[in-house]
Amino acid sequence: MEPEDLNQSDREILKVLRDGRATPAALKDWTGRSGQTVHNRLGRLVAAGHVEKVHGSGLYELVDDPEQG
């Protein structure tokens, strides 16, 4: 996924994850996006290899920031 493929929701989620791990519920609260939007965008970011779910938990973390090249 290239930076130009990111939408505003993706950018907000990435901004939060740059500061550390977060649950989807926390991302929903911190970004003001709906739970469905957070779920969908996390799925895209995971599929692209930018975010991963921490094994055995509901936490997600940033592993490859597409905006940092």
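- Under a hydrophobic-cluster definition in which Ile, Leu, Val, Met, Phe, Trp and Tyr are linked whenever side-chain heavy atoms come within less than 4.5 Å, directly or via other members, V16 and Y60 are assigned to the same cluster.
- Residue N40 holds its CG atom at 10.5 Å from CG of N7, rounded to the nearest 0.5 Å.
- Atom CG of L14 sits about 10.0 Å away from atom CZ of R41, to the nearest 0.5 Å.
- Considering only residues two or more places apart in sequence or on other chains, R11 meets the salt bridge (Lys or Arg N to Asp or Glu O under 4.0 Å) condition with E67.
- Identified under the salt bridge (Lys or Arg N to Asp or Glu O under 4.0 Å) test for residues 43-53, with sequence neighbours left out: D10-R44.
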Report the C-alpha distance between L17 and L45 in whole Å, list the side-chain angles of each, state the deciding distance to 0.1 Å, and finish with yes or no for side chain to side chain contact (heavy atoms under 4.5 Å, CB included).
-> CA-CA 11 Å; L17 292 177; L45 292 166; 5.7 Å; no
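- Remark: E4 engages no residue in a side chain to side chain donor-acceptor pair (under 3.5 Å) (not counting sequence neighbours).
- Residues passing the side chain to side chain contact (heavy atoms under 4.5 Å, CB included) test with A25 are T23, sequence neighbours excluded.
- Pairs passing the salt bridge (Lys or Arg N to Asp or Glu O under 4.0 Å) check and including a residue from residues 22-39, sequence neighbours excluded, read E12-R33.
- Rounded to the nearest 0.5 Å, atoms CH2 (W30) and CD1 (I13) are 12.5 Å apart.
- To the nearest 0.5 angstrom, H50 atom NE2 is 8.5 Å from D65 atom CG.
- Residue L42 is not grouped with residue V54 when hydrophobic side chains (ILVMFWY) are merged at heavy-atom distances under 4.5 angstrom, including chains of intermediate members.
- Applying the side chain to side chain donor-acceptor pair (under 3.5 Å) criterion to S34, with sequence neighbours excluded, gives T37.
- In this structure, P24 and G58 approach most closely via the heavy-atom pair CD-O, 3.3 Å.
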